Number of protein chains: 2
Amino acid sequence: MKTLLLVEDAQDLAQLIIRELKADGYEVLYAPDGVEALRLHEEQRPALVILDWMLPRMDGLEVLRRLRQQAPTPVLMLTARSEETDRVVGLELGADDYLTKPFSMRELLARVHALLRRAELIQQMLQQDLARAERPLIDGPLCLDAQAHLVTLDGQPLDLSPTEFELLHLFLRSPGRAFSRAYLLDTVWGESYVGGDRSVDNTVLRLRKKLGALGEAIETVWGVGYRWRAHSPSRAGGEQ
Amino acid sequence: MKTLLLVEDAQDLAQLIIRELKADGYEVLYAPDGVEALRLHEEQRPALVILDWMLPRMDGLEVLRRLRQQAPTPVLMLTARSEETDRVVGLELGADDYLTKPFSMRELLARVHALLRRAELIQQMLQQDLARAERPLIDGPLCLDAQAHLVTLDGQPLDLSPTEFELLHLFLRSPGRAFSRAYLLDTVWGESYVGGDRSVDNTVLRLRKKLGALGEAIETVWGVGYRWRAHSPSRAGGEQ
DNA sequence: GATCTTTGTCGCAATTCTGTCGCAACCGCC
DNA sequence: GGCGGTTGCGACAGAATTGCGACAAAGATC
């Protein structure tokens, strides 16, 4: 479920927007002013920010400027003025889209969807670029092709869940390196994720199962975390 | 419905033309001067521009020159002078046609129709050229010929909708590569499209049905999107 | 202007994923 | 060998994702 941050000082409008966004399946954080907005943004890392132009304590443009220093989170600005200069200033400072009051909830939702999709696209493009530079990762009978998002074992495709795939990807990129659970949670699950270490354990468990005999390649580093065996023998031995 | 842009500072004439064009089923954008014309053109990308020679703030020829830097939109110029030199200058600068005031609405419409038809033809030829560079894409019993805009399965022609065709085309150009829904929406549907992920799902569903047994070649990449099954495992990633 | 095609959306079912819990097994240490 | 802490692992439930039929709106065709 995606999390959005709404920054709007008019309480009644805010309530309306929040209700609408929640009905559409989003988690909504709310900040009545810029200071609170920056705090929430840093703490929760929402997928998108809806930012009112006029705010108490800190001007919307100033908030936008500071948000941009924190992260490339997409920003949808709301304004009462439809002057072109405003639009230009907002967009130049890095707002991704722009909505003039009054607007319909339908339109707001459409813009939110579009912005989120674009953000997703950009992320995928970046990943694709990385993946393209990367040749498929091979370790004995195992092959992970990031671009195809495909893992094969002895030539047979392996059906991995997204989390399992990301974990294996990380392991294969740095065989022999030990990863703490905290690091894995940060990297694979995302830095804003809040969950227990047992999530890691279980994903490792499931991955080991799917890897069959190769599951042994994921070694437990006692008291620390896990590690992918550095030098896999060219063929898996007879042990089971 | 095609969108036209009318650039004309004489209000009464403009009103007349607008009414006439709308009655003929076009969407009409209106700019009273060159600055606004360029803005609208960039923002809305009309299919054709009707441009008056004499304009406030920016001369019609200057507008034409700048339009040409933006896009190859066909331009119909209106002028009060019938001198041949003017005609030459206008056409040299890239106006596609030319109409001398006063003119009948009947004549204007005829020219608009002709220009649009020609533009469509040109665009189609460009696409043909692009398609020609590509040889037919073949995957087992399936053959997609972009030039002929034809798909055959076991030699039988397959009836695909435009969206389905584009989607299949994209898949076959990069077999084995996983595409996110966001990427597909951007590429097949267009970046300005605002719609949900389920549109992709449904087009995939319809395509799978029409492909029959080969429908299985469209693999679901869970949590990511879709991928066309790579036939030859020797090539790991799709290249394009 | 009537009809057909295309295509986006909705709703529900089916599937898959994933965090948590409980308990057993295990490790290192004293 | 006992002990505290850590890990393995099966089970479960809630959440997220996808499949798919139905419907309606928009556009194309005639």
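In this text, all values refer to a predicted model and were calculated from it rather than measured experimentally. Convention: sequence-line order gives letters A, B, ...; per-chain numbering from 1.
With respect to the salt-bridge test (charged N to carboxylate O, under 4.0 angstrom), the residues B:R181 and B:D201 qualify. Between A:E164 and A:K210, at least one side-chain nitrogen of the basic residue sits less than 4.0 Å from a carboxylate oxygen of the acidic one, meeting the salt-bridge criterion. At a threshold of 4.0 Å, the pair B:E219-B:R229 does not count as salt-bridged, since none of the basic side-chain nitrogens sits closer than that to a carboxylate oxygen.
Residue order along DNA chain D, read from the 5' end via each residue's closest nucleotide, puts B:Y226 first among B:Y226 and B:R206.
Within the 4.0 Å cut-off from OP1 or OP2 of C:dT7, not a single side-chain nitrogen or oxygen of B:W189 is found. At C:dT9, one or more side-chain N or O atoms of B:S199 fall inside 4.0 Å of OP1 or OP2 (strictly under the cut-off).
Looking at heavy-atom distances under 4.0 Å, B:V200 makes no contact with the nucleic acid at all. Within 4.0 Å (heavy atoms only), A:R208 reaches sugar-phosphate atoms of the nucleic acid but no base atom. Contacts of A:N202 with the nucleic acid, taken as non-hydrogen atoms under 4.0 Å apart, include base atoms. Counting non-hydrogen atoms under 4.0 angstrom, B:K209 reaches the backbone sugars and phosphates but no base.
Evaluation of the side chain to side chain donor-acceptor pair (under 3.5 Å) rule for A:E120 yields no partner, not counting sequence neighbours.
B:Y193 and B:D186 share no donor-acceptor pair across their side chains, judged by distance under 3.5 Å alone. Side-chain N/O atoms of A:W228 and A:D139 include a donor and acceptor closer than 3.5 Å.
Listed candidates were D:dT7, D:dG10, C:dG19. Nearest to the side chain of A:R181 is D:dT7.
Contacts between residues 161-173 of chain A and DNA chain D, counted as heavy-atom distances below 4.0 Å, involve no residue at all.
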